[in-house]
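Accompanying notes for the structure given below.
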Amino acid sequence: MTSPRTSSRASDFATEPVARGRRTEPEASSPREALLVFPPGPEAGAIAAAFAAHGFNVRSTDRLPAAEKPHTPAPDVLVVDSTLLPHAPGAAAAWCAGRARSVLVILEDSAAPIDAAPGFSRLERPISPRSLVSHCELALRERAADRRAEILHGDNRDLRTVLDASDQLYLLLDHSARIELANRVAFVIASEFCEKPLVLGERALALLRPELRRLARPHFAAAAAGETIKTEIVVRDLAGTSRCISVIYSPVFDAHGVVRHVCFRARDISIRRHAEENLRASQSRLQALFDHSHDAILLADDAGCYVDANPAACALLGYQRKELLALTVADVFAASDRTWASQAWGEFLERGNQHGECRLFRKDGAIVRADYSAIARIQPGLHLSIVRDLTEKHTLQAQLLRQQRLESVGRLASGVAHDLNNILTPILMAPAMLRPHIGDAGARMLLESVENAARRGSTVVRQLLAFSRSEPGEKVRLDLQKVVRDARAMLQESLPKSVTLEFSRSAGEFPVLGDATQLQQVVVNLALNGVDAMPRGGRLVFGVESIAIPSEEARRDPEISAGRHVVLTIADHGHGIAPENLDKVFDPFFTTKPFGQGSGMGLSVVLGIVRGHGGFARVSSRVGVGTLVKIFLPWHDEAAAPADSTPPLRTAAPARDSGHSGLVVDDESDVRDIVRMILAREGYRVTCADGADAAFSQLKANGGRVDLVITDLAMPGVSGAQFIERLRKQRREVPVLVMTGTDLVQFLPDSVRDLTQGVLSKPFDANSLLASVRGAIASGV
């Protein structure tokens, strides 16, 4: 039979021990023994029966036991009838002292004094056997507690030394949450989170702030019931700083599995949590950079096998991520570079870093030009490569070089045109003077051949100028579809019957701002090229449509402008253009036709006109299939007035003139002489000057009397424009006629244009010269 115990719950923190699936009162490892020293009789039997009922092994005797030997275990309870004790002075005390290991109880009949001795207790009759047993059990418990306290006190000295050296808070709590043990840190930290100072023996929960008490109560109850609770709480200290605390409630079991105490541990992990949050944030930022970088990022192990790749790398190489991670570094290089890649990988691991350009092999077979930078061992056995696609860069560089080449050729063409026009001008004007003096028919025929050749040369020069020109002449609002229809009608009569012209009509207008003549020239040149590509005949298809070019595409190509465009397409079904020649088709004098069958200026002129209209051109072709040319021109919504152009010539009826004086200013003597001769034949008094300084000297010499000044624009030293401005300051009323062998007149400031009465474009013939001179003199200022 077990001793009675008070019913309790863990949440009440009762003083009774609590066990998981065990009795609350521990069973002894061996039965407790009770030795009863009584005279024979009913009392002795009743007391023996009561001890036996409470689980004691009972021995009874009517004589006092002698002193036990050291190895003889003493009984747990020794109950003696006082009548059997020696009554000599000091004898009873000496006998009791020898039994201090047992709970000694003496039953007396009166209050006769007994010498005091350790462990001695005295009970007076009458007493019930059950009360006697309860008294002995209580004494046993107290003695056991005293022994545990002694042991614990001895062990606590070493334990406290260890705990005081820890940076954690340690509390040892009993079942009522009373503090039995606390280390040094506990006293320091408690002041931050407790309402009262921490004192041993006080209830820990009562010391806490209310909000912490609400958190701690269920955790302590669970630990008292045998569970280990680990949690983290965020609290504010007295200064208002948020602190993260790691808390552990651990049950402490005795040898029988009974929960005797709860160990409370706490550690301030605010710094660690802050560091972990920073680390997570850093990792999150790095992951975002990895995932969203426009550059390809790849990670490989020591063997060169890919272990990770970002989306940009997958897009660059055309693989899914799983497919890419099944490859090695050498696998993504072009076949011709794989041997080098394998060798370079070993060198890279030795050097620790590497960078340069390479050619990568996409899944679809395309070759990608790329720039790479690699760093070895960013972590043990992990190597980083950052790859940037240079394909677009190389394409832009090629386009830029081509643009620069075309601009250089354009400047060269402009200069050549100027020189050729100066050469052709006397040739075109000379026949008019020679023809009246030649009577022989054969000589006249030769003279006409020379004149026709000069005119053909003049046409070639105009093509050169059209290529180099950045601005068209007169701009008006045009429907490009109508321009194409008019050009098609003109071409229909002149092209071979084996070529069929088709026009894909579209509803509505397709307005552009431009020069109708030049745009028709674009259509004609492209059509003639298409016809030449189909010597056996075929279909030549024209079309006009509109598209919107997004700004992203325009940023990738410097030639492209964003916005809405009108697109002219001309497609032939000829022999096509080889891929290696596509980049050269707009180059001046480049042609794939046999020698003598093409000048190579057709597409160059087209490109010059298109650029002068703010547009661009694209060509695609397949050998044996045909060629498609697309001309992109800016869409023009509003009606526009004609752009400033060369002032119209005021022509007069051809007639001989006399009495008028003129000054011809040109650095080319042949041009000066032929102009002077033609004007002199018509009765003009003409003087000549080879530049601005000589011209002002001539004007000063004849007193400034002159009816017309004819000047070239491109002269060394003082230019024609500067000469006109200086002349107007001195002689504002003198008409000025401009000669030019280039398109410089288009770039004259408005202030200079207003000072001129006309423009003669070299080469010109005698009739054009005389008509312009008469119109300029007639107009005055």
Side-chain angles (χ1 to χ4, degrees), residues 294 315-316 366 389-407 410 467 469-472 475-484 487 503-516 518-523 525-526 529-530 541-572 577 579 582-587 603-622 626-640 643:
H294 293 295
L316 175 66
D389 187 359
L390 296 182
T391 304
E392 182 177 345
K393 176 183 176 183
H394 282 281
T395 301
L396 292 176
Q397 285 178 342
Q399 291 176 348
L400 179 60
L401 290 174
R402 183 174 134 211
Q403 176 77 13
Q404 292 173 340
R405 184 171 68 248
L406 291 176
E407 290 178 356
F467 165 74
R469 186 177 296 133
S470 60
E471 293 288 339
K475 292 180 180 178
V476 294
R477 187 177 187 273
L478 301 170
D479 180 3
L480 187 60
Q481 193 165 230
K482 183 177 183 304
V483 173
V484 175
F503 182 57
S504 176
R505 298 178 182 271
S506 301
E509 277 192 330
F510 295 88
V512 297
L513 186 65
D515 185 330
Q518 288 189 342
L519 292 179
Q520 283 187 353
Q521 184 178 358
V522 169
V523 176
N525 283 6
L526 293 176
N529 269 9
V541 182
F542 298 85
V544 179
E545 59 182 345
S546 67
I547 67 166
I549 299 178
S551 56
E552 294 79 7
E553 183 177 348
R555 282 196 293 268
R556 290 196 295 267
D557 192 333
E559 290 185 345
I560 296 178
S561 58
R564 194 175 182 186
H565 284 69
V566 178
V567 185
L568 164 64
T569 61
I570 298 181
D572 65 62
I577 304 172
L582 271 178
D583 288 341
K584 307 174 186 177
V585 293
F586 290 111
D587 291 355
L603 289 180
S604 301
V605 171
V606 167
L607 184 61
I609 294 174
V610 170
R611 286 180 174 171
H613 284 74
F616 59 95
R618 290 292 181 267
V619 179
S620 59
S621 182
R622 291 179 61 186
T627 301
L628 175 65
V629 180
K630 289 189 174 184
I631 304 299
F632 297 79
L633 298 175
W635 179 284
H636 184 72
D637 284 321
E638 299 178 358

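Because the structure is predicted, anything quoted here is derived from the model rather than measured. The first residue in the sequence is number 1, and the count goes up from there.
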Non-hydrogen side-chain atoms of Asp515 and Gln521 separated by less than 4.5 Å: no

Arg564: what forms a side-chain contact (heavy atoms from CB on, under 4.5 Å) with it, not counting sequence neighbours? Ser546, Trp635

Give the minimum heavy-atom separation between Pro511 and Val566, together with the two atoms involved. O-CG2, 3.7 Å

Between Val512 and His565, is a side-chain contact (heavy atoms from CB on, under 4.5 Å) present by the stated rule, with each step listed? CA-CA 9 Å; Val512 297; His565 284 69; over 6 Å; no

Heavy-atom check, side chain of Lys482 versus side chain of Phe510, under 4.5 Å: no

Return the minimal non-hydrogen interatomic distance between Phe616 and Val610, and the atom names on each side. N-CG1, 3.4 Å

Can you name the closest pair of heavy atoms from Ala571 and Leu628 and give their distance? CB-CD1, 3.7 Å

Rounded to the nearest 0.5 Å, how far does CG of Leu316 lie from NE2 of His294? 13.5 Å

Using the test side-chain contact (heavy atoms from CB on, under 4.5 Å), find all partners of Ala366 that sit at least two apart in sequence or belong to another chain. Arg362, Asp364

Search all heavy atoms of Gly514 against all heavy atoms of Leu478 and return the closest pair with its distance. O-CD1, 3.4 Å

Looking at Arg477 and Glu509, what are the two nearest heavy atoms and their distance? NH1-OE1, 3.6 Å

Residue list, side-chain contact (heavy atoms from CB on, under 4.5 Å) with Val567, at least two apart or on another chain: Glu545, Ile547, Thr569, Lys630, Phe632

So do the side chains of His613 and Leu513 get within less than 4.5 Å of each other, counting heavy atoms only? no

Under the side-chain contact (heavy atoms from CB on, under 4.5 Å) criterion, do Leu526 and Phe542 qualify, and how do the steps go? CA-CA 10 Å; Leu526 293 176; Phe542 298 85; over 6 Å; no

Please check this pair: side chain of Asp572 against backbone of Thr627, looking for a donor-acceptor N/O pair closer than 3.5 Å. yes

Check whether Asn525 reaches the backbone of Val606 with its side chain - one donor and one acceptor, N or O, closer than 3.5 Å. no

Indicate the atoms forming the closest heavy-atom contact of Gly614 with Pro634, along with that distance. O-CG, 3.4 Å

Sequence-distant partners of Pro550, side-chain contact (heavy atoms from CB on, under 4.5 Å), two or more places apart: Glu552, Glu553

Side chains of Leu568 and Leu633, heavy atoms from C-beta outward: is any pair under 4.5 Å? no

